[in-house]
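In what follows, a structure is listed as structure tokens, so that the remarks can point back to it.
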Amino acid sequence: MNAASRLPEKSRSGPGRGGPVPGRRLRLVLAALVLVAAVAVAAVALGGGGSADRSATASRSGSPSAAPPADPALLALARRDADDPYAVGKPDAPVVLIEYSDFQCPYCGRFARETKPALLRDYVEAGVLRIEWRHFPVFGAESEQAARASWAAGRQGRFWQFHDTVYGKPRERNKGDFAEKELLAMAEEAGVEDLDRFRADMASDAADEAVARDVEEGYALGVSSTPAFLVNGRPVLGAQPTDVFAEAIEAAEAAEAAEAAGADRAQGGGDE
């Protein structure tokens with residue numbers, strides 16, 4: 001972060017500051033999972049046959065194998081708050097995708113424009129997936145300002161509209177595109193009604209605290225670049241093709257179904 005940063009330094013994050021995240025152990029778990037994820041992504045990339053161009057719907061027509069159990073501490077990061085304006089999807093959806101993103105990140109914008117609409121259509125609307133946003137500004141003061149502005153938009157129930165407005169087109173990084181005047185214009189375009197309240201919320205200590213909470217959670221995990229995702233606790237790094245997300249979601253859904261079936265069998269055996 002630059003000198004104008006209003007967020008805590010990375011070195012201040014860790015156990016005891018960002019909630020119940022066991023930082024060192026969790027970073028080790030995440031590192032191991034990242035290695036597995038990298039192998040999986042490489043396999044997809046080498047598979048050929050135009051698989052990256054298939055739709056998420058086509059992916060759902062297959063029979064995905066269940067993913068191995070995720071670390072419980074990673075699963076516990078899903079907040080599942082029904083009143084969370086920075087989440088979309090049923091709180092009890094079997095799969096939660098947590099997204100750590102920066103509004104100045106071009107690859108985050110690519111995910112928002114190219115992949116998220118398919119996930120909303122094929123998984124969120126079907127009740128399978130919930131997406132939870134985490135503010136993770138990494139490109140300096142304008143990124144932080146944009147994060148606080150998005151939080152302020154969420155206070156008036158317009159976070160996702162603001163999100164779509166910001167990511168609606170590529171913007172230059174740290175060249176004034178996220179100055180207060182520009183953010184107010186984006187908020188107005190996104191349908192934020194009370195711009196005076198928006199401006200006050202954006203400058204508030206509560207905005208700083210909300211953004212810092214998400215940043216510390218990400219740093220405790222070892223997140224260092226954006227976008228980064230957890231799909232039921234399993235990492236997907238970068239703006240991967242839609243099929244990579246579809247396969248991760250379906251594997252997580254299959255794992256949840258297998259776990260539920262196992263619990264039902266155990267319950268049935270205990271009742272005999």
Side-chain angles (χ1 to χ4, degrees), residues 37 40-41 44 51-60 64 77-81 84-91 93-139 143 146-147 149-151 153-154 157-171 173 177-178 186-187 189-192 214 217-218 223 225-253:
V41 169
V44 170
S51 63
D53 295 328
R54 295 197 315 269
S55 68
T57 301
S59 177
R60 283 181 65 81
L77 292 172
R79 295 169 186 170
R80 294 186 180 274
D81 180 354
D84 185 356
Y86 314 100
V88 60
K90 295 167 53 179
V95 183
V96 176
L97 181 153
I98 302 175
E99 175 185 357
Y100 299 86
S101 279
D102 182 319
F103 282 110
Q104 290 201 107
C105 164
Y107 296 104
C108 302
R110 178 185 296 177
F111 172 80
R113 291 187 297 272
E114 299 178 5
T115 298
K116 186 169 74 72
L119 301 186
L120 291 171
R121 180 188 67 240
D122 296 329
Y123 299 104
V124 174
E125 291 180 9
V128 171
L129 178 68
R130 175 177 174 85
I131 299 175
E132 296 188 356
W133 173 271
R134 300 291 188 266
H135 308 284
F136 201 75
V138 295
F139 292 115
S143 290
S150 72
W151 179 84
R158 305 299 290 180
F159 168 77
W160 290 106
Q161 292 82 356
F162 184 87
H163 166 284
D164 292 347
T165 297
V166 175
Y167 282 138
K169 63 179 182 181
R171 301 177 190 273
R173 186 186 302 167
D177 281 2
F178 296 92
M186 292 180 211
E189 182 180 343
V192 175
D214 289 354
E217 178 182 294
V223 175
S225 62
T226 55
F229 307 87
L230 291 175
V231 179
N232 272 19
R234 299 170 186 87
V236 177
L237 304 179
Q240 299 295 334
T242 300
D243 276 0
V244 172
F245 288 94
E247 290 163 12
I249 292 164
E250 290 168 20
E253 182 186 14

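- Pairing each heavy atom of K90 with each of G127, the nearest pair is CD-CA, 3.8 Å.
- Screening H135, R158, H163 for a side-chain contact (heavy atoms from CB on, under 4.5 Å) involving S150 leaves a single residue, H135.
- Side-chain contact between L97 and F245 is present, with at least one heavy-atom pair separated by less than 4.5 Å.
- The side-chain heavy atoms of F103 and M186, taken from C-beta on, include no pair separated by under 4.5 Å.
- Between V96 and L77, the closest side-chain pair of non-hydrogen atoms is not below 4.5 Å.
- We find that E132 and R79 are not joined by a salt bridge, their nearest charged nitrogen and carboxylate oxygen being 4.0 Å or further apart.
- A pairwise comparison of heavy atoms in T242 and E114 identifies OG1-O, 3.9 Å as the closest pair.
- Judged by distance alone, the side chains of S143 and D102 do bring a donor and an acceptor atom under 3.5 Å apart.
- Take F178 and apply the ring pair (Phe, Tyr, Trp, His ring centres under 6.0 Å) test, not counting sequence neighbours, and it matches no residue.
- Between the side chain of D177 and the backbone N or O of P170, no donor-acceptor pair lies under 3.5 Å.
- When every heavy atom of V128 is checked against every heavy atom of A93, the shortest pair comes out as O-CB, 3.6 Å.
- The one candidate from Y100, F159, W151, Y86 that meets the ring pair (Phe, Tyr, Trp, His ring centres under 6.0 Å) condition with W133 is F159.
- Side-chain contact between D84 and R130 is present, with at least one heavy-atom pair separated by less than 4.5 Å.
- The ring of F229 has its center closer than 6.0 angstrom to the ring center of F111.
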